[in-house]
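A short write-up of the structure that comes next.
Just so we're on the same page: letters track the sequence lines, and every chain starts at 1.
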Amino acid sequence: MIETTFNPKDVEPRWSKAWEASGAFKPAPEGEPFCIVIPPPNVTGSLHIGHALNNTLQDVLARFERLRGKSVLWQPGTDHAGIATQMVVERQLAQEGNIGRREMGRADFVKRVWAWKEQSGGRILEQLRRLGASCDWSRERFTLDEGLSNAVRKVFVQLHGEGLIYKDKRLVNWDPHFETAISDLEVVQREVSSHLWRIAYPLEDGSGEIVVATTRPETLLGDVAVAVNPSDERYKNLIGKQVRLPLTDRLIPIIGDDYADPEAGTGAVKITPAHDFNDFKVGKRHGLPLINIFTSRATLNEAAPLPFQGMDRFAAREAVLRALEEQGLRRGEEAIRHSEPHGDRSGAVVEPWLTDQWYVDAPKLAAKAIAAVEQGKTVFVPKNWEKTYFEWMRNIEPWCVSRQLWWGHRIPAWYDDAGNPFVAETEEEAQTLARLHHETTEDVSLRRDEDVLDTWFSSALWPFSTLGWPEETPELKRFYPTATLVTAHDIIFFWVARMMMMGLHFMKDVPFREVYIHALVLDEKGQKQSKAKGNVTDPLDLIDKYGADALRFTLAAMAAQGRNIKLGEQRIEGYRNFGTKLWNAARFSQMNECAVWDAYDPRSPKETVNRWIVGETAKAAAAVTADLEARRFNDAATTIYRFVWNVFCDWYLEFIKPPLSGEDESAKAETRRTTAWVLDQILILLHPFMPFITEELWARLGDFGQKRDGMLITSNWPQLPASLIDGAAEAEIDWIVGLIEGVRSTRSELNVPAAAKVPLLLIGADKASEARLERYQGLIDRMGRLEYSTTDEAAPAGAVTFVLEGATVALLLEGIVDFAAEAERLKKEIAKLDAEIAKTEAKLGNADFIARAPDEVVEEQRERLEDAKAARTKLDAARQRLEGAR
RNA sequence: GGGCGGUUAGCUCAGCGGUAGAGCGUCUCGUUUACACCGAGAGGGUCGGCGGUUCGAUCCCGUCACCGCCCACCA
């Protein structure tokens with residue numbers, strides 16, 4: 001016997017193992033391919049609520065398509081997450097009081113990171129298994145494993161050969177904490193309080209001074225000019241003069257350039273080409289020198305005047321201001337708020353810094369990636385994200401891919417002593433290139449590039465590298481392009497765009513046909529969850545508390561397109577209860593020997609309730625299917641929820657209690673089989689959302705009935721024709737439901753004690769209602785808590801009535817309710833009807849409405865008016881009778 | 001400065017040209033033999049403001065207000 005509550009803790013691990021062991025997660029040999037590549041989580045990370053949502057949705061799709069008979073490959077794996085992982089390990093070293101990364105040396109440090117990866121790397125995938133993710137775990141990949149590293153080298157070398165990767169010396173965003181370049185995307189702007197300082201630069205000829213405004217006085221030491229706008233009357237006659245750069249012995253020119261905005265600051269702007277992106281451009285235009293005053297750690301180098309050398313940039317700022325003060329060159333300041341660039345991982349203020357880096361020619365690669373989306377080869381769901389994608393892609397900058405880190409793919413470039421680079425997949429090939437270059441047969445002394453690649457470089461190859469590229473594997477052939485990518489909008493630029501570029505370039509086709517962009521999961525206040533804020537909800541805690549099914553269902557039910565999710569725990573509790581409800585429906589079914597029967601034909605039932613529930617099942621199945629196809633996860637979840645609870649449990653299971661305990665053996669058998677069949681359909685429809693409880697019930701219900709062929713996970717999605725919907729059965733059941741609801745509502749409003757059984761009379765019933773009453777008498781009496789029910793000519797005094805299609809319903813409540821309460825109830829009902837009558841009459845009185853509205857709408861309004869009037873007449877009669885009785 | 005989204009019941013959110021919905025919470029009632037992680041019933045909304053289109057607008061268009069996010073800039 002099934003117990004009264006479902007215990008996820010016992011059941012979940014069992015099925016996780018069984019599914020995997022059975023090979024159900026591997027793609028079926030036959031069937032239309034359907035592939036999803038997982039957004040690889042950081043190898044050393046742990047599951048957060050965003051992963052839970054992301055992977056729930058992927059798993060819903062994977063299980064749905066698998067049930068529909070497709071050959072599903074959900075490709076799992078992890079990302080080496082260069083900067084993030086290096087940071088974690090460095091922090092560990094510090095906490096353990098160990099020597100730091102630099103003291104340790106590169107080889108030992110990298111060994112240490114690998115050790116950490118081996119130790120913690122499997123954790124997040126274990127956590128995904130707990131969520132129920134049906135990935136083909138046998139195909140797990142890691143962005144630094146051999147195959148993927150091979151792909152990375154090949155891509156780098158080929159792009160380099162095509163001129164799409166090149167080395168360049170220019171300003172980059174430099175993170176002084178990690179001492180590495182980072183890409184534009186890894187820079188986050190933060191509002192900070194600061195000052196705008198005004199500083200006087202004396203004119204060389206002693207004829208006065210020019211005042212510049214700056215938020216970064218320390219960079220003055222690297223100034224090479226002062227720019228003014230040529231149209232600025234205040235300054236234009238100063239162009240060409242020299243000023244004495246304070247605190248140094250340098251003379252620098254005043255130049256005219258449109259970049260200087262007469263409205264901003266003082267209208268005169270200091271130019272520091274080595275430390276500001278705009279100044280860099282100005283410097284280029286005017287052929288100005290670049291003076292780099294910072295070290296890689298953003299302390300002042302030997303290019304700065306002696307007293308400032310070795311100072312940290314912020315200390316230098318104070319020192320420069322003090323020195324200027326002493327020399328009487330400060331001309332005031334104002335407090336301002338402005339945004340300042342920070343490294344997204346380190347939090348350090350990013351410094352524009354002049355270095356040699358490798359760049360990918362993103363503007364060139366973007367062209368095809370833009371066209372593919374324009375042509376609909378890849379579609380975004382919801383579609384409006386395409387706009388974001390286009391906006392970024394059309395303004396894309398070269399992608400700086402080299403990082404001065406140790407954890408990652410080493411750049412496949414070797415240098416000779418003169419610094420000439422030789423890009424090749426192996427050192428031997430580089431050696432060959434070097435010999436050719438030097439026209440020698442001797443070994444050339446080579447050293448490998450110290451740098452590694454941006455983590456996103458290898459992620460960009462994920463859809464084909466995980467399938468075996470550059471080998472032409474059967475999987476690559478079969479599953480590329482993949483079907484759907486499921487991800488959040490915050491990595492459209494980081495990842496989606498770059499996969500599009502790389503996929504189109506190397507595979508000549510898009511990496512995925514569809515990009516489903518889901519919500520971000522926020523805390524209850526609508527804030528982004530972060531460890532720093534301490535507002536993270538751990539999905540594993542939620543799984544422990546409510547079960548994976550409840551968490552999954554909640555996330556899916558809240559995944560409405562285009563809106564973020566504010567997750568509250570009560571909601572999860574509610575869906576846990578839903579699981580219990582289903583569990584108990586199965587329990588009921590088992591207690592009543594509703595055994596599954598292979599040969600069941602849903603067209604076969606004769607009993608109205610059975611015909612009705614078959615039709616309702618067909619409707620629900622069609623709706624869930626359509627919702628999932630349209631990626632309306634929330635609608636699909638709501639549909640199945642309502643069908644299970646509000647249709648199957650609330651009504652059908654109540655309806656079948658009389659036949660299940662009745663004498664009619666054929667009706668009983670039919671009802672048992674129908675119940676078992678409907679429950680099976682429910683389990684299948686719900687399985688993508690709640691895999692564990694449904695699989696468990698599938699097994700248990702199969703056991704006491706006929707043995708099943710296999711597990712639910714590999715069963716078949718229902719395809720039920722609309723012809724199963726029986727209009728007559730529907731009308732009949734609707735009438736019964738209306739009657740029972742009327743009885744319950746009336747009783748409750750008049751405070752009839754629940755224990756009181758009252759008689760019911762159907763007054764002036766037409767043939768159909770009379771027949772229905774007779775057929776369902778036992779049921780109606782039971783659900784309405786009636787003493788008996790029958791038909792009669794007229795309602796006796798003291799009866800309380802309400803109106804139903806085809807009859808007036810009278811409850812004999814004399815002595816139980818007081819007339820005042822009933823009069824009040826009638827008055828309320830009549831007022832409601834009057835309002836509706838007035839509204840509908842107004843509508844129908846409008847000639848334009850009659851002329852322009854569709855006929856069916858007009859007809860509907862006419863019917864509504866008629867019904868309301870009829871009901872009104874009946875209630876009026878009831879009121880008069882009540883008056884008379886009083 | 002550019003772009004995107006939001007504003008619907010006490011709370012969290014669906015819906016979307018034709019009688020306003022759910023979950024949770026609230027109130028009343030309930031030992032009806034699947035389920036109190038339950039059952040029955042009730043209350044609760046001028047669908048942010050103002051205009052417009054339409055026979056009809058919560059839904060479409062315009063505009064304003066407030067909230068959030070992204071990009072760019074910031075001397």
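We find that R190(A) and E340(A) are not joined by a salt bridge, their nearest charged nitrogen and carboxylate oxygen being 4.0 Å or further apart. Using a 4.0 Å cut-off between charged side-chain N and carboxylate O, R216(A) and E351(A) make a salt bridge. Salt bridge annotation for K757(A)-E787(A): absent, with no cationic side-chain nitrogen under 4.0 angstrom from a carboxylate oxygen. For R782(A) and E654(A), the salt-bridge test passes: some basic side-chain N is under 4.0 Å from an acidic carboxylate O. Between R700(A) and E696(A), at least one side-chain N (NZ, or NE/NH1/NH2) sits under 4.0 Å from a carboxylate O, which counts as a salt bridge. With respect to the salt-bridge test (charged N to carboxylate O, under 4.0 angstrom), the residues E866(A) and K869(A) do not qualify.
Between T580(A) and A557(A), it is A557(A) whose nearest contact on RNA chain B lies nearer the 5' terminus. Mapping E340(A) and F588(A) onto RNA chain B by nearest heavy atom places F588(A) closer to the 5' end of the strand.
U26(B) and C64(B) have their C1' atoms separated by 36 Å, given to the nearest Å. U46(B) and A9(B) are spaced 14 Å apart, taking the C1' atom of each and rounding to whole Å. Comparing the C1' positions of U8(B) and A57(B) gives a spacing of 14 Å, expressed to the nearest Å. When the P atom is used for both G68(B) and C29(B), the distance is 44 Å, rounded to whole Å. U58(B) and G21(B): their C1' atoms are spaced 12 Å apart (whole Å). Taking atom C1' on both A14(B) and A20(B), the two are 12 Å apart, rounded to the nearest angstrom. To the nearest whole angstrom, the two C1' atoms, one in G48(B) and one in U7(B), are 6 Å apart.
Out of G25(B), C35(B), G18(B), the shortest distance to the side chain of Q570(A) is found at G25(B). The side chain of R642(A) sits closest to A22(B) out of A22(B), C74(B), C35(B). The nucleotide whose nearest atom lies closest to any side-chain atom of S339(A) is, among C35(B), G41(B), C73(B), C73(B). Side-chain proximity of S745(A) to G41(B), C29(B), G18(B): nearest is G41(B). Ranking C70(B), G3(B), A75(B) by closeness to the F493(A) side chain, first place goes to C70(B). Side-chain atoms of A754(A) lie closest to G30(B) of the nucleotides A75(B), C4(B), G30(B). Of the candidates G18(B), A75(B), C35(B), the closest approach to any side-chain atom of A260(A) belongs to A75(B). With A75(B), G18(B), G23(B) as the choices, the nucleotide that has an atom nearest any side-chain atom of P854(A) turns out to be G18(B). Residue K657(A) places its side chain closer to A34(B) than to any other of A75(B), C74(B), A34(B). Set against A14(B), U12(B), C55(B), the side chain of M558(A) has U12(B) as its closest nucleotide.
If you take CD of E3(A) and C1' of C37(B), they are 14 Å apart, rounded to a whole angstrom. The nearest whole Å value for the distance from the CG atom in D635(A) to the C1' atom in G21(B) is 12 Å. If you measure from atom CG of L660(A) to atom P of U32(B), you get 20 Å, rounded to the nearest angstrom. Rounded to a whole Å, the CD1 atom of I780(A) is 17 Å from the C1' atom of A40(B). Atom OH of Y641(A) and atom P of C13(B) are 18 Å apart (whole Å). Atom CG of N7(A) is separated from atom P of C37(B) by 15 Å (rounded to the nearest Å). Distance, L679(A) CG to A34(B) C1': 11 Å, rounded to whole Å. One atom, CG of D223(A), and another, P of A75(B), lie 13 Å apart when rounded to the nearest Å.
Residue R576(A) places a side-chain atom within donor-acceptor reach of the base of C37(B), judged by atom type and a 3.5 Å distance cut-off alone. Contact of Q189(A) with C73(B) (side chain to base): no donor-acceptor pair of N or O atoms is detected under 3.5 Å.
Heavy atoms of other residues, nucleotides or ligands lying less than 6.0 angstrom from CG of D855(A) number 12 at most. The 12-atom threshold is exceeded at CD of E209(A), counting heavy atoms of other residues, nucleotides or ligands nearer than 6.0 Å.
Taking side-chain N and O atoms only, W645(A) has a distance below 4.0 Å to OP1 or OP2 of G39(B). The shortest distance between the side-chain N/O atoms of N384(A) and the OP1/OP2 oxygens of G5(B) is below 4.0 Å. In this structure, K581(A) reaches the G39(B) phosphate: one of its side-chain N or O atoms is under 4.0 Å from OP1 or OP2. Considering only side-chain N and O atoms, N577(A) lies under 4.0 angstrom from the phosphate OP1 or OP2 of C38(B). Close to G3(B), at under 4.0 Å from its OP1 or OP2, lies no side-chain N or O of K387(A). Between R587(A) and A34(B) there is no side-chain polar atom (N or O) within less than 4.0 angstrom of OP1 or OP2.
For the pair D549(A) (side chain) and F692(A) (backbone), a donor-acceptor distance under 3.5 Å is present. With hydrogens and angles ignored, the 3.5 Å screen pairs a side-chain donor or acceptor of R198(A) with a backbone N or O of R331(A).
In the region residues 857-867 of chain A, proximity to RNA chain B at under 4.0 angstrom, judged on heavy atoms, holds for V857(A), Q861(A), R864(A).
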What pairs of donor and acceptor atoms, side-chain ones from residues 259-271 of chain A against any protein atom, are under 3.5 angstrom apart with sequence neighbours left out?
| unit_1 | atom_1 | unit_2 | atom_2 | d |
| --- | --- | --- | --- | --- |
| D261(A) | OD1 | E263(A) | N | 2.9 |
| T266(A) | OG1 | V211(A) | O | 2.5 |
| T266(A) | OG1 | A268(A) | N | 3.3 |
| T266(A) | OG1 | A268(A) | O | 3.2 |
| K270(A) | NZ | T219(A) | OG1 | 2.6 |
| K270(A) | NZ | D223(A) | OD1 | 2.9 |
| K270(A) | NZ | T272(A) | OG1 | 3.1 |

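Within 4.0 Å of F648(A), counting heavy atoms only, lies no atom of the nucleic acid at all. Residue-level contact check: E654(A) touches the bases, meaning some heavy atom is under 4.0 Å from a base atom. P753(A) comes within 4.0 angstrom of no nucleic acid atom, judged by non-hydrogen atoms across all strands. Using a 4.0 Å heavy-atom distance criterion, D490(A) is classed as making no nucleic acid contact. Residue R744(A) is classed as a sugar-phosphate contact, given heavy-atom separations below 4.0 Å to backbone atoms only.
Nucleotide A65(B): paired with U7(B) (Watson-Crick or G-U wobble, both distances less than 3.5 Å).
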